[in-house]
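Start at 1 and go down the list; that is how both ligands and their atoms are numbered. Values below: every heavy atom of this structure, side chains too, minus hydrogens, waters and symmetry copies. Since the model is a prediction, treat every value here as computed from it, not as a measurement.
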Amino acid sequence: MKKNEITILGAGLIGSLMAIYLKRQGLDVSVYDKRPDKRKTPYSEAGRSINMALSHRGWKSLEQVGLKDKVLPLAIPMYGRKVHDEHGKTTFIPYGKANQAIYSISRGKFNQMLVEEAERLGATVHFEHKCLDVDFQKNEILFETSEGEKSLQPDVVIGADGAYSALRMSMQKQIRFNYTQEYLPHGYKELTIPATAEGEFAMDPNALHIWPRGKFMLIALPNPDKSFTCTLFLPFEGSKVCFEKIRDEKDLETMFRAYFDDAYQLMPDLKKEFFKNPTAALINIECFPWVQGNALLLGDASHAMVPFYGQGMNCGFEDCYILNGLIEKLGTNAWDLVFEKFQKKRKPDTDAICQLAMENFKEMRDSVGDPKFLLRKKIEAKLHELYPNDWIPLYTMVTFSDMGYAEAYAQGKLQEAVMNKVMANPLITENWDKLDYEDIINQMETAKAV
Ligand SMILES: Cc1cc2nc3c(=O)[nH]c(=O)nc-3n(C[C@H](O)[C@H](O)[C@H](O)COP(=O)(O)OP(=O)(O)OC[C@H]3O[C@@H](n4cnc5c(N)ncnc54)[C@H](O)[C@@H]3O)c2cc1C
Ligand SMILES: NC(=O)C1=CN([C@@H]2O[C@H](COP(=O)(O)OP(=O)(O)OC[C@H]3O[C@@H](n4cnc5c(N)ncnc54)[C@H](OP(=O)(O)O)[C@@H]3O)[C@@H](O)[C@H]2O)C=CC1
Ligand SMILES: Nc1ccccc1C(=O)C[C@H](N)C(=O)O
């Protein structure tokens, strides 16, 4: 492969950012997306992952392409979790240090900005081009368009066509392609807490709100129009509280009043929205290799994770950052080598974040409601304050650093084992401030050495 014309499938968050990176490298870039151009055919995104949490790995990539300052005004900082118990009492749990936040941003606006930036730099974006198949033998991509089917013989292909990637489906037909997918028993539905009659936020806008209820939960992220987008995560069926058992407005009201009464009071459109908005599935997808011939999978197409760490987009942006770094280092005449090095370096990290995302669901829906969890967080924060290099809480490594996810995962497991011992002390609630913190660090050092 020695070509400089790049075909990107998918003008989502990752495909658009990759187009920006490649244009900055001086390459020819054409992007194909199945959706219509929003500027010509506006479509409603109501009920579909409306806002997302942007954190360090995402910001790092945006800064590199010169977009950080343009994105910042669109983003609302959330400094921690605000946990709502069943009586409406709230507890704030900081994400990290006082100035560390994850940022709520609207997917639609953000995606549009990235597409427009790619176009401004000279990328051509072809909307209403749905990739149907990629034939690796003939080196041909088949699209469905409003004018019928079209085909293309690409030089280099980057498949950023999301969790249900057509490129990946074509790769699945090839020999020795590994693929696993797992649906969670839970689904999600998006709902709204509108601005108050006075036009203000109905709750603290600088927090990610969580109503943890053991096997299920509700969360809310703020929007610039002073509303919150809430996401309700429930099992599809088979539990006391599940989507299947909410058949009518009465079931819905009974459930919300029993478990989320303070939120319910702020949701005038709940009944209408609940039965109008889709109930979407949650899936984890891992596959390998990501390279076939002249084509590479990127973003959710190569690793779709459940959303509970708020890392899918951030991880995809970091994919772009790393791929760009390899192109800079190895040049644009060695795509085979670039792709090969990329998949080898990146795969252990994306496996780790897929796993961490699954584990964060349990933490969010269950542990955050436990006072011992709060105490654990306090002790870890103190350890980090006293020994900033020797103890970095897992959440900080994942969200506020760019340490490889696999390293963060391994370090996090060691810290968890040490903290389990610390928390087993029956007097921990009274004595946590007087612990021998140096001894904890020594225990960590011993655990690392084993
Ligand atoms: C409820 C929810 C909340 C989330 N919250 C967060 C969060 O807070 N933080 C975070 O970092 N991540 C979050 N994520 C994950 C994030 O949404 C994804 O990781 C991200 O959208 C992946 O971007 P992508 O460009 O790879 O895929 P997508 O955003 O899905 O884009 C794929 C693009 O490809 C196009 N396409 C698809 N098929 C074809 C085809 N056959 N031909 C042509 N074009 C095609 C689509 O139209 C789309 O434009 C969340 C996900 C969900 C579901
Ligand atoms: N990991 C996860 O659990 C999830 C991740 N996501 C990620 O976030 C991205 C954006 O989210 P959002 O805008 O809500 O995406 P959508 O729900 O709009 O999905 C994007 C496209 O994927 C196709 N699709 C959706 N569900 C399925 C399915 N079960 N089987 C096959 N194809 C399906 C649909 O294509 P068509 O219109 O052709 O039918 C849809 O247009 C997704 O594309 C995905 O990458 C989204 C949901 C869950
Ligand atoms: N954006 C999300 C969407 C769905 C579920 C969780 C998130 C989060 O961001 C969770 C956050 N990282 C947390 O750990 O509190």
Side-chain angles (χ1 to χ4, degrees), residues 7-19 31-36 38 43 47-55 57-58 78 80-83 93-95 102-105 107-108 110-111 114-115 125-134 141-145 158-170 187-190 207-210 212 217-221 229-233 280-283 297-320 353 356-357 359-361 363-365 367-368 394-395 398-399:
T7 299
I8 297 181
L9 301 177
L13 296 161
I14 310 309
S16 310
L17 182 66
M18 200 61 228
V31 189
Y32 295 84
D33 200 289
K34 69 179 181 186
R35 296 184 200 229
K38 259 180 124 179
Y43 52 88
R48 296 236 174 254
S49 55
I50 285 165
N51 56 15
M52 21 232 313
L54 178 57
S55 53
R57 295 169 203 264
M78 301 179 287
R81 296 166 171 162
K82 188 146 268 184
V83 179
I93 310 177
Y95 278 130
I102 60 177
Y103 290 77
S104 178
I105 185 154
R107 177 195 292 273
F110 187 28
N111 202 153
L114 293 175
V115 168
V125 184
H126 305 265
F127 293 97
E128 294 178 78
H129 276 68
K130 179 176 184 172
C131 170
L132 297 176
D133 187 41
V134 180
I141 306 180
L142 185 64
F143 291 103
E144 178 185 86
T145 76
I158 294 180
D161 49 346
Y164 302 101
S165 165
L167 175 62
R168 193 189 64 232
M169 286 184 198
S170 299
Y188 71 93
K189 190 182 284 285
E190 291 196 314
L208 188 152
H209 293 259
I210 312 179
M217 69 175 183
L218 177 72
I219 66 167
L221 275 74
T229 299
C230 304
T231 313
L232 176 65
F233 295 95
L282 293 161
I283 194 168
L297 295 169
L298 200 69
D300 273 25
S302 53
H303 47 69
M305 65 199 73
V306 291
F308 304 109
Y309 227 114
Q311 282 294 312
M313 165 191 64
N314 290 291
C315 172
F317 281 0
E318 195 175 53
D319 287 353
C320 299
I353 188 59
L356 284 164
E359 292 174 14
N360 210 44
F361 187 23
E363 177 167 315
M364 289 187 77
R365 67 174 203 245
S367 315
V368 294
L394 174 62
Y395 197 83
V398 170
T399 311

Minimum side-chain heavy-atom gap Ile14-Asp300 below 4.5 Å: no
Region of Thr231 that comes within reach of ligand 3 [heavy atoms, distance under 4.0 Å]: neither
Shortest protein contact, atom 8 (C) of ligand 3 (heavy atom only): Leu208 CD1, 3.8 Å
From Gly10, Ala357, Gly162 - option closest to atom 27 (O) of ligand 1 by heavy atom: Gly162
Those atoms of ligand 3 less than 4.0 Å from some heavy atom in Phe308: 5 (C), 6 (C), 10 (C)
Nearest non-hydrogen protein atom, atom 14 (O) of ligand 3: Arg81 NH2, 2.7 Å
Met305 heavy atom under 4.0 Å from ligand 1: no
Numbered atoms and elements of ligand 3 in range of Ala53, under 4.0 angstrom, heavy atoms: 1 (N), 9 (O)
Geometric cation-pi criterion, Arg81 with Tyr395: 6.0 Å, 45°: yes
Phe143 and His129 aromatic ring geometry - parallel, tilted or perpendicular at 30°/60° bounds: perpendicular
Heavy-atom nearest option to atom 50 (C) of ligand 1, drawn from Gly310, Pro307, Gly58, Ser165: Pro307
Asp33-ligand 1 polar pair, N/O distance under 3.5 Å: yes
Sub-4.5 Å side-chain heavy-atom contact between Thr399 and Tyr95: no
Aromatic ring pairing Phe317/Phe110, orientation class (parallel under 30°, perpendicular over 60°, tilted between): perpendicular
Whether Leu9 lies under 4.0 Å from ligand 1, heavy atom: no
Polar atom proximity, Arg107 to ligand 1 (N or O, under 3.5 Å): yes
Minimum-distance protein heavy atom relative to atom 11 (C) of ligand 3: Tyr395 OH, 3.3 Å
Identity and distance of the protein heavy atom lying nearest atom 2 (C) of ligand 3: Pro307 O, 3.7 Å
Heavy atom of Ala160, distance to ligand 1 below 4.0 Å: yes
Distance-only N or O hit between ligand 1 and Asn51, under 3.5 Å: no
From the candidates Tyr188, Tyr95, Tyr309, the one that places a heavy atom nearest atom 13 (C) of ligand 3: Tyr95
Heavy-atom pair with the smallest gap, counting every atom of Ser55 and Gln311: OG-NE2, 3.1 Å
Heavy-atom check, side chain of Phe127 versus side chain of Lys38, under 4.5 Å: no
Heteroatom proximity flag, Met313 to ligand 1, N/O under 3.5 Å: yes
Ser16 side-chain N/O to Ala11 backbone N/O, donor-acceptor pair under 3.5 Å: yes
Per-residue contact class, Tyr188 against ligand 1 - non-hydrogen pairs under 4.0 Å: side chain
